[in-house]
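What follows is a set of notes on a single structure, which appears directly below.
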Amino acid sequence: MIDVRLVRDDPDRVKAALGRRGFPAADVDAIASADREHRAVLARQESLRARVKSLSREVGEARRTGDAEAAGALADESRRVGEEEKAAAREADRLAADLRTLLLLTPNLPADDAPDGTGAEDNVVLRRWWPGHDDGTPEPAAEDHQRVPHWDVGSSLGILDMAAGARLSGSMFPLYRGDGSRLVRALTSFALSRHADAYEEIRPPTLVLTETMTSTGHLPKFADEAYHVERDDLWAIPTAEVPLTSMHRGEILDEGDLPVRLTAVSQCFRREAGAAGRDTRGLLRVHEFEKVELFAYATPPQVAAVHADILSRAEGLLRELGLPYRVVDLCTGDLSTSSARTFDLEVYSPGSDRWLEVSSVSWFGDYQARRANVRYRPADGGATAFVHTLNGSALAWPRIWAALVEWGRQADGAVRLPDVLAPWLGPEPSIRPR
RNA sequence: GGAGGGAUGGCAGAGCGGACAAAUGCGCGGCUCUUGAAAAGCCGUGGGGCUCCGGUCCCCGUGGGUUCGAAUCCCACUCCCUCCGCCA
């Protein structure tokens, strides 16, 4: 959530910033007027409250001095003012709730250096990397035997059974078998091993409270995108970012402990409402998947280095896996609601001839921290301030899995996997027809 | 799921209807003393909203209620602890 004081003090700046992502200026004015109205009623309520308190003190004093008549009169007066105060309090509460609703639905201000644009077509490709060709030499085309979509590779090798997944849970719920399942497990172990030096490994719950989903910005606006367990009012997380952001909810951290860097593997659930039928074959888009996430709470001066670190770790994994990828700087029109700046990593899939998003590395400013109320106390003893949050996938496995089996496919139909996975899959890891 | 106990500041822990943002101890910061340290002594030490910068209001797990007045009384809920039941 953005700071309402920004709207109060410099509405034009907020309008300009939010306008870059297509948010209407009129909605900013609505926030400003809701804020004014709320503060006016609040001020009235508080002065009435102060009056009740001082009258009550006088009642006590009158009683003590034995002046029952005066005490009665004061109590009557206090009761009368109290009634007025209660009405004002109800009004103030209602206005505060209205204001909060407006703020919760307002997206974050984009970073100044995020590229302008209205949609994915305006995103900026910052760089491409091709194994063995990061020196500017021409990128090699994929061989014909690599131009087989992963769903065909998966079913012919018996390592991916989408039909069985559909039988159990409906479409877009993959079921991996045998070496396909081992590959997912190997990728998780591989990624976690690469972050253990600086990021504490967390295994968070997968079902969370409404409050937890609200802190990251996934609620209230995107309720349709998430699975909801109504009986217990719990939500299936779409990413480990959700529980990690709320891990220190309501706490005040010491500046000396920042940045707090966390990594987590979790199942991720996405309803993908409205996405059915488009780009959904095989593992291109699924309802449930596993992902390793990198996450940090940081102070503003630490943000640049932490953001770069998460991005370089995600890129590092792709390089180790030998998968061609590109780094995309998301334009203001394509940023997620909570993000101020996002770099996507996309791997090239030769089987489907498209770039697949496998990671999203974002800086949220204090937008999420304000919703989650995570603050820090500066080392110099100054006033507490909201932390900044950052996160990035490192990485989401279904599309990595897809790219690996396509790029690794040999002329004989077997799949050769990267040697970096040998610790978990054995030497010269590969998958052969059964 | 059932029975009982609990939730107060960084921590421990008093307060159980009237001047309480809250005793006391510990911790932490500053100062005095000291060659230095320790000990001792003194002083200070929660968060937040609004503000005409004079103030003022809110926060004692959360949300309601009673009262002129609630940390304190009542109700509901959440979480923690002990025991029973169930269970991977």
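In what follows, chains are A, B, ... by sequence order, proteins preceding strands, each numbered from 1. Just so it is clear, the model here is predicted, and its values are computed rather than measured.
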Worksheet item: Do A/E46 side-chain and B/G49 base share a donor-acceptor contact under 3.5 Å?
Response: yes
Item to complete: Could you work out which one of B/A70, B/C50, B/G18 sits closest to the side chain of A/S56?
Response: B/G18
Worksheet, complete the sentence: For B/A7, the nucleotide meeting Watson-Crick or G-U wobble distances (both under 3.5 Å) is B/U78
Practice prompt. Select one nucleotide: of B/G18, B/C58, B/G46, the one nearest the side-chain heavy atoms of A/R377.
Written response: B/G46
Discussion item. Could you tell me the Watson-Crick or G-U partner of B/G27, where both distances fall under 3.5 Å? Say none if there is no partner.
Written reply: B/U45
Fill in: Watson-Crick or G-U wobble partner of B/A71, both distances under 3.5 Å
none
Worksheet entry | Distance-only donor-acceptor check, side chains A/S339 and A/T342, under 3.5 Å | yes
Fill in: A/R63 (side chain) and B/G18 (base): donor-acceptor pair under 3.5 Å
yes
Fill in: Closest-nucleotide 5' rank along RNA chain B - winner of A/V59 and A/H38
A/H38
Worksheet item: With a non-hydrogen cut-off below 4.0 angstrom, is A/A50 in contact with a base, only sugar-phosphate, or nothing?
Response: sugar-phosphate
Discussion item. One thing to verify: whether A/R261 and A/D197 come together as a salt bridge, which I'm taking to mean a side-chain N less than 4.0 angstrom from a carboxylate O.
Written reply: no
Worksheet item: When rounded to the nearest Å, what value does the distance between P atoms of B/G17 and B/C87 take?
Response: 47 Å
Item to complete: Write down the distance separating the P atoms in B/C81 and B/C68, rounded off to the nearest Å.
Response: 41 Å
Discussion item. With rounding to the closest Å, how many angstrom separate the P atoms on B/C58 and B/U72?
Written reply: 14 Å
Fill in: A/L42 side-chain proximity, nearest of B/G49, B/C57, B/A19
B/G49
Worksheet item: On a whole-Å scale, what distance lies between the C1' atoms belonging to B/A88 and B/G4?
Response: 28 Å
Worksheet item: Where the side chain of A/R8 is concerned, which of B/A70, B/C50, B/C68 is the nearest nucleotide?
Response: B/C50
Discussion item. Return the CZ to OG distance between A/R409 and A/S156, rounded to the nearest 0.5 Å.
Written reply: 6.0 Å
Worksheet item: Are OP1 or OP2 of B/U67 and a side-chain N or O of A/R79 less than 4.0 angstrom apart?
Response: no
Item to complete: Determine the interplanar angle of the A/F173 and A/Y227 rings, folded into 0 to 90°, and report it as parallel if under 30°, tilted if 30 to 60°, perpendicular if over 60°.
Response: tilted
Practice prompt. Write down the distance separating the P atoms in B/G9 and B/A14, rounded off to the nearest Å.
Written response: 13 Å
Worksheet item: Are A/R79 and A/E83 within salt-bridge range, i.e. N to O under 4.0 Å?
Response: no
Worksheet item: Does B/A40 pair with anything, Watson-Crick or G-U wobble, both distances under 3.5 Å, and if so, with which nucleotide?
Response: B/U32
Practice prompt. Using a cut-off of strictly less than 4.0 Å, decide whether A/K86 has a side-chain nitrogen or oxygen near OP1 or OP2 of B/G64.
Written response: no
Worksheet item: Between B/G61 and B/C52, how far is it from one C1' atom to the other, in whole Å?
Response: 37 Å
Fill in: P-based separation of B/C16 from B/G10 [nearest Å]
23 Å
Practice prompt. Any chance you could lay out the side chain to side chain contact (heavy atoms under 4.5 Å, CB included) test for A/I159 and A/L183, step after step, and finish with the verdict?
Written response: CA-CA 9 Å; A/I159 56 176; A/L183 174 54; over 6 Å; no
Item to complete: Go ahead and name the base partner of B/G1; Watson-Crick or wobble counts if both distances stay under 3.5 Å, otherwise write none.
Response: B/C84
Worksheet item: So which nucleotide does B/C52 pair with, by the Watson-Crick or G-U wobble rule with both distances under 3.5 Å?
Response: none
Worksheet item: Between B/A40 and B/C73, how far is it from one C1' atom to the other, in whole Å?
Response: 46 Å
